[in-house]
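To start, the structure itself, in structure tokens.
This one's a predicted model, so the numbers in the text were calculated from it and none came from an experiment.
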Amino acid sequence: MTTRAAARHAVRSQYFFVANDEEAFSVFGRQEVQDINPIRQVTDVGYLILFLAVALGMFWLDSCAHSLGNVLRLSEPIDYKGNLCGYDEEVKGKPLGYHPNPFNDMVICVSSCPETATDGSFTMPDGPMGKDFTRPAYPSANIYGQLCLPLDLSLARLMISVKSVQTELYKGLGVIFTSDGILVVLIVPFVTSAIYVVALFYIPTAATALALCITGVTLALLGVLMDLDINVMMDIPLFKETHPLMLMAHPYFRSGFYLGSLVFFLALASSMSDLTRAHAVFRECVAAIGDPNVLVTIFTSMVLSVIRISFILHVCRSLALLMSIVTPVEVELQLFGEIHWVPRTAWSPFFLRGVFFYMFGTFWTLEFLSFSNKYITAQVLCANYFHLKARNLQMQEISSGRPAPIRYALYSMFRFHLGSIAKAALMSAPCRLLRSLIGLFVPDRPNLDKSLNQQYRIAYYLFWPLIKIDLYLLRFYKDSVLVMLALKGFKYMDSARRVEGLINRSRGKIPHLTKFTSRIETFLKVSVGLTSMIWAFFLFREPRRGAYHQVEELKLKDSVANMFVTPQHSPLLSMPVLFFFGLWVGDGMLHLVTMASNALTICYCIDVEMVGGTETDALYAPQGLKLVYRDLGGGESERELAELMANNAIVQ
């Protein structure tokens, strides 16, 4: 082995957690961070182009939805020609749907329900060879919705039965997405998350315990109420036939709520010891956000949260319109014992794929807004930590007055790093999910094959493919990368490698603040997301506006007035969607604590490396942060413990 190779091996041997030479030797030199790096380049352009292409596709779908869609199709009958009963010009005065042949689902529009066989005859293309066939009327009544159903209840059940999962999902989501009450459902997690951020500074232990306890109790209550509601709604005529998917999903939702309640109570019991240690960390993180020079990030987060809510409202309306688009199709029917293809109209299969594309675009856009918010917060926190000068649009330092890093944060993001933010927004969620699953089997250590622990070495060979995926891809998609991106302006993967090496070199010496906050933050974010789902359950379960046979419509005023009235509707199928919307809205404020813990950790590690690795000589760390690290086991506490052990050895 050459002298140079031996030297490199000696350096690497100090860092058990460092994956490769690049991470081991990419150390921050003395005074490397003298300013937020103004020498930047446009990063990850390909992802920005792809994001803009998706946004353009969403815009095109929006235009199609508004020109072709009509949300009334989700609740009112449509005849076999595609006319919306009571709305389209050809059937303007015929608001009711009637099945001339009760044994197929072809509908025609009528002005009133036929009561006797003498009330007319109806011709449709459902005869032999798909030809027109005329049938006399049969006695019917407006029993359900806007439909005329036979007086024979067994035949009515057969006719009204929903046989399409797509139809029930469309109608279930459409009723919620077109309601004005959804604004309240989205405002609740925004307000709740803002309250949590303030409470984490003053009473972090009590606020966390109260949030977990209330969420656990509420989930258990929801499980009980769901059972009571189902028992009531099962007595509603034809309810079972029109909601088969919801009835099938009900036991799983109920069990999920009970299990979620148990998980929150177990988390509360197991985190009491962690809350004691995390108390100071939360206070330091919120104090960093409350610094007068950083306070602007709170207002920025509020503005972006309003944008997020507005975008979600737009998405709900557009999705309802997309789901209501119908197109001509040919349906295979058995007519008089023969199989024939009959022209019909049905939900558009093309726009069904458009709905999935729109949902993907919605996910990417909401994540993009979230990571843009995180980047701005990280930029301002880094500038405040290192007391760096901000720059104006002419790249000149602001020499008078207090620095305003928010201006450079916005400029650098729009000018250079939208591509990197788009990349993080697309990849982070799936990578983190996959990494959490891998973490159930594999310890979070790069060099398991060199470990002295035999179980770790066995795990390395058993899960080698998963470990390699994590080593070369998954571990780089963390919020901490945005701190390095804001500070140095590298490309995303270069920033990720640099920050990963920094964190790994500091393991065992400088604790990562997220180690003490991430678990609690995760439960708080889930709790905030659940608030939107809980409010949706209570607001959207009241009796429908008007009589039951009228068009289903949700109004906020009626929702509040009838909150404790016996329900005739359940928003069960829409609750998972509203939960994820609540997560995104709540993260708009809670991310401040997450980014503060990441930024303070990264900046402190850089600070320590720049002065040669001695924690007590950190140049920029505020006194409060030094005290936090001392109490957590990093910094002075390690030397104090070593000195205590040495003194005990001398005494003995």
Side-chain angles (χ1 to χ4, degrees), residues 54-55 58 61-62 65 71 169-170 172-196 215 218-219 222 249 253 256-257 260 301-323 355-374 425-426 428-430 432-433 521-541 554 556 559 570-591 594:
V54 171
M58 293 179 67
L61 286 173
D62 274 335
V71 293
L169 275 175
Y170 275 11
L173 293 173
V175 170
I176 305 300
F177 285 173
T178 55
S179 169
D180 57 355
I182 197 169
L183 176 61
V184 174
V185 172
L186 295 176
I187 289 177
V188 169
F190 169 64
V191 175
T192 305
S193 61
I195 293 173
Y196 281 170
T215 305
T218 306
L219 287 177
L222 278 182
F253 277 87
F257 286 144
S301 299
M302 289 181 177
V303 171
L304 286 173
S305 293
V306 172
I307 294 174
R308 215 179 265 120
I309 291 174
S310 302
F311 176 73
I312 291 174
L313 292 175
H314 169 76
V315 164
C316 290
R317 180 67 180 177
S318 296
L319 282 175
L321 289 171
L322 279 174
M323 291 186 295
V355 167
F356 285 109
F357 179 85
Y358 203 91
M359 291 170 61
F360 167 73
T362 299
F363 159 78
W364 199 356
T365 303
L366 288 172
E367 284 286 277
F368 183 84
L369 290 173
S370 177
F371 277 88
S372 298
N373 204 349
K374 291 176 181 178
L426 176 64
S428 290
R432 290 177 186 178
L433 178 61
E521 284 177 19
T522 299
F523 277 100
L524 286 179
K525 289 179 180 179
V526 173
S527 175
V528 169
L530 288 171
T531 58
S532 62
M533 191 172 70
I534 292 167
W535 276 70
F537 175 80
F538 284 105
L539 287 179
F540 298 151
R541 59 193 284 272
L554 285 169
L556 179 60
S559 298
S570 174
L572 189 67
L573 297 179
S574 64
M575 288 169 67
V577 179
L578 297 175
F579 166 68
F580 285 108
F581 284 160
L583 279 180
W584 273 306
V585 173
D587 189 60
M589 297 302 296
L590 286 176
H591 90 279
T594 304

*So Phe257 and Met575, side-chain contact (heavy atoms from CB on, under 4.5 Å) or not? Walk me through it.*
CA-CA 12 Å; Phe257 286 144; Met575 288 169 67; 3.5 Å; yes

*asked:* Run Leu222 and Phe253 through side-chain contact (heavy atoms from CB on, under 4.5 Å) and show every step you take.
replied: CA-CA 10 Å; Leu222 278 182; Phe253 277 87; over 6 Å; no

*Met359 and Val315: CA distance, side-chain angles, deciding distance, side-chain contact (heavy atoms from CB on, under 4.5 Å) verdict*: CA-CA 9 Å; Met359 291 170 61; Val315 164; over 6 Å; no

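Thr178 contributes a side-chain N or O that, together with a main-chain N or O of Gly174, makes up a donor-acceptor pair within less than 3.5 Å. Between the side chain of Ser193 and the backbone N or O of Phe190, at least one donor-acceptor pair lies under 3.5 Å. Counting only distance, with no hydrogens or angles, the side chain of Ser318 and the backbone of Asp62 share no donor-acceptor pair below 3.5 Å. Without hydrogens or angle criteria, Ser370 side chain to Leu366 main chain gives no donor-acceptor distance under 3.5 Å. A donor-acceptor pair is defined here as one N or O able to donate and one able to accept, closer than 3.5 Å; no such pair exists between the side chain of Ser428 and the backbone of Ala425. Ser574 places a side-chain N or O within 3.5 Å of a backbone atom of Pro571 that can act as its donor or acceptor partner. In this structure a side-chain-to-backbone donor-acceptor pair under 3.5 Å is present from Thr531 to Val528.
The two residues Gly582 and Ser532 come nearest to each other via the heavy atoms CA-OG, 3.4 Å. Nearest heavy-atom pair, Leu173 versus Met323, reported as atom, atom and distance to 0.1 Å: CB-CE, 4.0 Å. Of all heavy-atom pairs spanning Met589 and Ser301, the tightest one is SD-CB, 3.9 Å. Scanning all heavy atoms of the two residues, the minimum distance from Leu590 to Lys525 falls at CD1-CG, 3.7 Å. Between Val185 and Trp535, the shortest heavy-atom distance links the atoms CG2-C, 4.5 Å. Contact detail for Gly181 and Leu539: the closest heavy-atom pair is O-CD1, 4.4 Å.
Residues Leu578 and Ile182 have side chains in contact (heavy-atom distance under 4.5 Å, counting atoms from C-beta outward). With contacts defined as side-chain heavy-atom distances shorter than 4.5 Å, the pair Val577/Phe177 qualifies.
Atoms CG and CZ, on Asn373 and Phe368 in that order, are 12.0 Å from each other to the nearest 0.5 Å. Atoms CD and NZ, from Glu367 and Lys374 in turn, are 7.0 Å apart once rounded to the nearest 0.5 Å. The OG1 atom of Thr594 lies 8.0 Å from the NE2 atom of His591; values are rounded to the nearest 0.5 Å. The CD1 atom of Ile309 lies 14.0 Å from the CH2 atom of Trp584; values are rounded to the nearest 0.5 Å. Here the CG atom belonging to Leu426 is positioned 5.0 Å from the CZ atom belonging to Phe360, to the nearest 0.5 angstrom. To the nearest 0.5 angstrom, Leu573 atom CG is 14.0 Å from Tyr170 atom OH.
In the displayed structure, Phe580 atom CZ is contacted under 6.0 Å by at most 12 heavy atoms of other residues, nucleotides or ligands.
The residue from Thr215, Thr192, Thr522 that alone fulfils the side-chain hydrogen bond (donor to acceptor under 3.5 Å, both in side chains) condition with Ser527 is Thr215.
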